[in-house]
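Structure, as structure tokens:
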There are 2 protein chains.
Amino acid sequence: MPDDIDVFDRLLEIALLIQADMARELEPAGLTAARTHLLWVAHSSGPSTQQALAHALQVSPRNVTGLVDALEARGFVRRSPHPTDRRATLVSLTEQGTQAVTEMEEGRRRIAAHVVSDFDVDRLQHFRADLDAVTARLHELMDPS
Amino acid sequence: MPDDIDVFDRLLEIALLIQADMARELEPAGLTAARTHLLWVAHSSGPSTQQALAHALQVSPRNVTGLVDALEARGFVRRSPHPTDRRATLVSLTEQGTQAVTEMEEGRRRIAAHVVSDFDVDRLQHFRADLDAVTARLHELMDPS
DNA sequence: TATTGTTATACTCTATAACTATA
DNA sequence: TATAGTTATAGAGTATAACAATA
């Protein structure tokens, strides 16, 4: 019987493949993983302060400044003044930004459907449960609270 | 029934958790993901030219120079002249480098055992098969040859 | 002429610290 | 006094292009 470590190897390989695939599709448009992550969060949360984005992304405020600069220069997001707090700026998606997110969602849906396309309903259900169990265990390891 | 995209979300979350966990353990020693990857490959392949490492890592030769510089400065690898080709240098692991790889292997084995610790033999076997199927499908997407 | 590794240059992600404007 | 965002500075990963030494 193989050692459990091969499960880790499989998961790690999948992780690398997923990230490589995502990078391949995004980079032509000037979108990198970090910028896409911010775009994704801003889309989910609606117009957000950079402070809020920094917190959501677990990243320094300075880092958010740079990412928003890049996304703004490429037309994916827009900065606007906060209506009540003149220190803050609100980051929201432009039409182009919203469209990019929509296309990425479609791409992910297409990938997801492809990778499990020959699983029957029962197998897919078990696979989901297994992944959830693994995720929970990984969270335990990261956050031993 | 949920959309298949949630499988992708689960896999992506696992990918991020694995990488976060690996980063957390390595960085104190001055090892980053990129340096660790090179260390891993050099360990598996034995003494290698930087050219060979660049090819194995799918990265530019210039990048390898920087990674080897950093690993050499921290005592994980050693450069030595190639016995027959005076243009090339051979990169090999020091005692400290070998020990670091050994410790990482133990860490990965521990994590792997933990994440599937409540799977019985049958479930684990199915899970492996599912991961292999997903990996194969992802390779198809990446490499439509 | 081709290849190995390096210097030169540039872009990106990331962080901390100091600073400005506002709360 | 504290907070939001920026400038300043720094380290790391990555790339291409030009160059030296060697094949």
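Note: hydrogens, waters and symmetry copies are ignored here, and every other heavy atom, side chains too, is used.
With sequence neighbours excluded, no residue forms a salt bridge (charged side-chain N to carboxylate O under 4.0 Å, His left out) with Arg86(B). The salt bridge (charged side-chain N to carboxylate O under 4.0 Å, His left out) check on Arg62(A) picks up nothing, with sequence neighbours excluded.
Distance alone, capped at 3.5 Å, is enough to place a donor-acceptor pair between the Thr94(A) side chain and the Phe76(A) backbone. Using modelled atom types, one side-chain atom of Ser48(A) and one backbone atom of Gly46(A) make a donor-acceptor pair closer than 3.5 Å. Without hydrogens or angle criteria, Thr36(A) side chain to Leu31(A) main chain gives no donor-acceptor distance under 3.5 Å.
A 4.5 Å side-chain heavy-atom check between Met104(A) and Leu39(A) finds at least one atom pair inside the cut-off. In this structure, Gln99(B) and Leu93(B) have side chains that are not in contact, with every pair of non-hydrogen atoms separated by 4.5 Å or more.
Listed in residue order, the members of residues 44-59 of chain A having a heavy atom less than 4.0 Å from DNA chain D are Thr49(A), Gln50(A), Gln51(A).
Across the protein-nucleic acid pair, Arg79(A) atom CZ and dA4(D) atom P stand 15 Å apart, rounded to whole Å. Remark: P of dG5(C) and CG of Leu67(B) are 14 Å apart, rounded to the nearest angstrom. Taking atom CG on Leu38(B) and atom P on dG5(C), their separation rounds to 12 Å, with Å as the unit. If you take CZ of Arg35(A) and P of dC11(C), they are 11 Å apart, rounded to a whole angstrom. Atom C1' of nucleotide dA8(C) and atom CG of Asn63(B) are separated by 16 Å, given to the nearest angstrom. Protein atom CG of Leu31(B) is 15 Å distant from nucleotide atom C1' of dG13(D), rounded to whole Å. When the C1' atom of dG13(D) is taken as reference, atom CG of Leu71(B) falls 13 Å away, rounded to whole Å. Atom CD in Glu72(A) sits about 14 Å away from atom C1' in dT6(D), given to the nearest Å.
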**Message:** Between Thr135(A) and Arg10(B), is the side-chain hydrogen bond (donor to acceptor under 3.5 Å, both in side chains) condition met? List the steps.
**Reply:** CA-CA 8 Å; Thr135(A) 305; Arg10(B) 284 165 164 85; over 6 Å; no
**Prompt:** Arg79(B) and Asp69(B): salt bridge (Lys or Arg N to Asp or Glu O under 4.0 Å), yes or no, with the steps?
**Reply:** CA-CA 9 Å; Arg79(B) 279 182 170 103; Asp69(B) 283 350; 3.0 Å; yes
**Item:** Verdict with supporting geometry, Arg74(B) and Gln96(B), side-chain hydrogen bond (donor to acceptor under 3.5 Å, both in side chains)
**Value:** CA-CA 9 Å; Arg74(B) 287 164 180 79; Gln96(B) 178 188 339; over 6 Å; no
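Each end of the helix from dT1(C)-dA23(D) to dA23(C)-dT1(D) gets its own axis, taken as the rotation carrying the C1' atoms of four end pairs onto the next four within a five-pair window, and the two axes meet at 20° to the nearest 10 degrees.
Salt-bridge check for Asp21(A) with Arg24(A): passed, with a basic side-chain N closer than 4.0 Å to an acidic carboxylate O.
A close approach under 4.0 Å does occur between a side-chain nitrogen or oxygen of Arg74(A) and OP1 or OP2 of dT12(C). Remark: Ser60(A) is not in phosphate contact with dT14(C), judged by side-chain N or O atoms under 4.0 Å from OP1 or OP2. Applying the 4.0 Å criterion to OP1 and OP2 of dA12(D), one finds that Thr32(B) has every side-chain N and O outside that range.
Each of Pro61(B) and Gly66(A) has a nearest nucleotide on DNA chain D; the 5'-most of these lies closest to Gly66(A).
For Ala88(A), taking side-chain heavy atoms from C-beta onward, the closest of the listed nucleotides dA12(D), dC13(C), dA4(D) is dA4(D).
Applying the salt bridge (charged side-chain N to carboxylate O under 4.0 Å, His left out) test to every pair with at least one member in residues 92-108 of chain B, sequence neighbours left out, gives these pairs: Asp9(A)-Arg108(B).
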**Request:** If a protein heavy atom is under 4.0 Å from the base, mark B; if only from the sugar-phosphate, S; if neither, -; do that for nucleotides 17-23 of chain C going 5' to 3'.
**Result:** ----BBS
